[in-house]
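Note that the coordinates shown come from a computational prediction; the quantities given were computed from them, not determined experimentally. Just so you know, these numbers use all the heavy atoms, side chains as well, and skip hydrogens, waters and symmetry mates. Proteins get letters first, then strands, A, B, ... in listed order; numbering begins at 1 in each.
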Number of protein chains: 2
Amino acid sequence: MAEGRLQRELNRRNPFETPEQEAVLNLLRTGDLILNRFGRLFSEHNITDSQYNVLKILRDEGQPMPSLGIAGRMVQVVPAITGLIDRLEAKELVVRRRCVQDRRVVYVEITPLGMKLLAELDQPVLALHTQMVGKLSQPEVKQLSRLLEKAREVFSQ
Amino acid sequence: MAEGRLQRELNRRNPFETPEQEAVLNLLRTGDLILNRFGRLFSEHNITDSQYNVLKILRDEGQPMPSLGIAGRMVQVVPAITGLIDRLEAKELVVRRRCVQDRRVVYVEITPLGMKLLAELDQPVLALHTQMVGKLSQPEVKQLSRLLEKAREVFSQ
DNA sequence: GCCAATTAATTGACATGTAAAATGACGCGC
DNA sequence: GCGCGTCATTTTACATGTCAATTAATTGGC
């Protein structure tokens with residue numbers, strides 16, 4: 001039996017039991033490598049992936065957002081948002097403001113400094129996205145998206 | 001312009017800038033959802049993904065392994081291994097043994113209890129792998145692996 | 001209007017992941 | 001046979017992610 005690449009990469013002794021397993025592990029492994037790369041890029045600017053995501057969401061929204069609104073657009077769970085915003089606030093990339101109508105709500109707003117940081121990152125981030133799938137042709141990139149979206153349908157049932 | 005699925009899922013206001021970006025975000029998002037599912041399965045057995053991976057590696061190897069050997073087969077960085085093994089040892093799923101020839105080396109060995117836990121998980125894990133790509137046909141599953149492996153070539157240069 | 005259920009956010013307890021530095025052992029070269 | 005660089009592992013310091021429980025504020029039903 002021919003040895004797959006992932007098998008070799010991880011020095012696995014035994015071949016994968018099924019093509020499904022191989023695909024899933026390939027997916028996780030690739031995602032991990034990509035996240036790692038982005039992590040390195042962001043750390044050069046003293047932020048993390050999650051922090052970048054929060055800033056990006058705020059810029060996309062174009063106006064202050066409540067914490068839960070931000071959490072809703074991220075993959076993660078609510079409690080993590082608090083500390084994330086704490087650290088962004090400490091770096092003066094966002095500010096918190098209590099809502100007057102509903103004092104339970106905290107609005108988070110991106111600062112000019114935050115916008116400046118995002119602007120600096122726009123080009124490198126886009127370039128990295130492109131590089132990460134640079135070995136694939138345009139049709140292959142679209143095919144990859146298609147397959148991933150189709151696979152993800154199991155989660156929406 | 002037609003709205004993509006990922007865009008809708010995350011309530012994004014703006015479409016993706018490029019197909020490359022869309023593919024990368026699709027990849028990360030899908031990986032995250034899958035990891036989440038596995039996390040839930042493992043937590044029912046009181047272990048985590050990483051802990052499961054360590055046990056799996058030890059069983060694959062078939063004999064005690066040094067810590068660095070384990071770290072080498074995982075995606076992660078060395079320092080994390082220590083705590084991971086600490087917790088597995090506390091649950092009596094592995095034992096540590098100092099090498100007599102080279103006292104710098106710590107061998108980690110899976111216990112019968114660890115093997116038993118793995119055996120219990122084999123079927124559910126395989127089933128979950130299959131389920132995660134259950135929306136894809138067999139050829140699509142293989143195509144997905146192929147695309148991911150090809151994309152990952154940028155990392156080996 | 002008043003109390004219970006709900007909602008927004010935060011906190012606390014853990015498990016991980018990353019980087020950088022420290023510890024303890026080995027082993028080669030002179 | 002000693003010292004210095006290297007190696008395996010651990011420690012420390014931080015940022016995250018998960019869950020469960022708490023606080024504060026609102027709202028709906030009666």
Side-chain angles (χ1 to χ4, degrees), chain A residues 28-29 31-55 64-91 93-94 96-108, chain B residues 28-29 31-55 64-91 93-94 96-108:
Chain A
L28 296 180
R29 167 82 165 161
D32 217 81
L33 287 169
I34 292 177
L35 263 190
N36 227 282
R37 272 307 175 88
F38 276 98
R40 252 182 283 165
L41 168 61
F42 292 139
S43 76
E44 290 169 14
H45 294 259
N46 277 308
I47 59 172
T48 64
D49 306 82
S50 298
Q51 289 173 14
Y52 174 79
N53 274 324
V54 171
L55 293 178
M65 284 180 81
S67 304
L68 285 196
I70 297 173
R73 293 223 194 147
M74 302 189 58
V75 189
Q76 68 202 144
V77 147
V78 178
I81 283 293
T82 301
L84 210 46
I85 294 177
D86 283 345
R87 286 178 287 270
L88 284 171
E89 196 169 28
K91 286 183 246 195
L93 299 173
V94 305
R96 262 191 254 238
R97 241 179 315 142
R98 209 92 210 179
C99 174
V100 197
Q101 284 78 42
D102 185 340
R103 291 170 38 73
R104 289 171 307 180
V105 178
V106 172
Y107 277 107
V108 181
Chain B
L28 297 179
R29 167 81 167 162
D32 216 82
L33 286 170
I34 291 178
L35 264 190
N36 228 282
R37 270 311 173 86
F38 276 98
R40 252 182 283 164
L41 169 60
F42 292 138
S43 75
E44 290 169 13
H45 294 258
N46 277 309
I47 59 173
T48 64
D49 308 82
S50 299
Q51 291 173 13
Y52 175 79
N53 274 323
V54 171
L55 294 178
M65 286 179 80
S67 304
L68 285 196
I70 297 173
R73 294 222 193 147
M74 302 190 58
V75 189
Q76 68 202 142
V77 148
V78 178
I81 282 294
T82 301
L84 211 44
I85 295 177
D86 284 346
R87 286 178 286 273
L88 283 171
E89 198 170 26
K91 285 183 246 195
L93 299 173
V94 305
R96 261 190 256 238
R97 241 178 315 142
R98 209 94 210 179
C99 175
V100 198
Q101 285 77 41
D102 185 341
R103 290 170 40 72
R104 289 171 305 181
V105 178
V106 171
Y107 276 107
V108 182

Inset, instruction - Output yes when a side-chain donor or acceptor of B/K91 lies under 3.5 Å from a complementary backbone atom of B/I47, and no otherwise. - result: no
Legend entry - For A/D86, all residues meeting salt bridge (Lys or Arg N to Asp or Glu O under 4.0 Å), sequence neighbours excluded: A/R96
Inset, instruction - Could you tell me which residues satisfy salt bridge (Lys or Arg N to Asp or Glu O under 4.0 Å) with A/D49, sequence neighbours excluded, listed by chain and number? - result: none
Inset, instruction - Could you say whether A/D49 or B/Y107 is positioned toward the 5' end of DNA chain D, judged by the nucleotide with the nearest heavy atom to each? - result: B/Y107
Inset, instruction - On DNA chain D, check which nucleotide each of A/I47 and B/R40 is closest to and give me the residue with the more 5' one. - result: A/I47
In whole angstrom, give the distance that lies between atom [atom1] of [X] and atom [atom2] of [N].
X: B/R103; N: C/dC26; atom1: CZ; atom2: P; value: 6 Å
X: B/E89; N: D/dT9; atom1: CD; atom2: C1'; value: 14 Å
X: A/F38; N: C/dT18; atom1: CZ; atom2: P; value: 17 Å
X: A/R37; N: C/dT18; atom1: CZ; atom2: C1'; value: 16 Å
X: B/F42; N: D/dC19; atom1: CZ; atom2: P; value: 15 Å
X: B/D32; N: D/dT18; atom1: CG; atom2: C1'; value: 12 Å
X: B/L35; N: D/dT18; atom1: CG; atom2: P; value: 11 Å
X: B/Q101; N: C/dA25; atom1: CD; atom2: P; value: 16 Å

Only counting residues at least two apart or in another chain, list the ones meeting side chain to side chain contact (heavy atoms under 4.5 Å, CB included) with [X].
X: B/R37; answer: A/F155, B/R40, B/L128, B/Q131, B/M132
X: B/P66; answer: B/V105, B/Y107
X: A/R98; answer: A/V106

Legend entry - Sugar-phosphate or base contact per nucleotide [nucleotides 10-15 of chain C; S, B, -; heavy atom under 4.0 Å]: BB---S
Inset, instruction - Check whether any side-chain N or O of A/N36 sits under 4.0 Å from OP1 or OP2 of C/dT18, and answer yes or no. - result: yes
Inset, instruction - For the residue pair A/L93 and A/Q51, establish whether any side-chain heavy-atom pair is separated by less than 4.5 Å. - result: no
Legend entry - Any side-chain heavy-atom pair of A/V108 and A/I81 under 4.5 Å: no
Inset, instruction - Taking all non-hydrogen atoms of both residues into account, name the closest pair between B/M74 and B/L84 and its distance. - result: CE-CD2, 4.3 Å
Output one line per pair: protein atom, nucleotide atom from nucleotides 1-6 of chain C, and distance, for all N/O pairs under 3.5 Å.
none

Inset, instruction - Tell me which nucleotide among C/dA25, D/dT18, D/dT9 gets nearest to the side chain of B/L68. - result: D/dT9
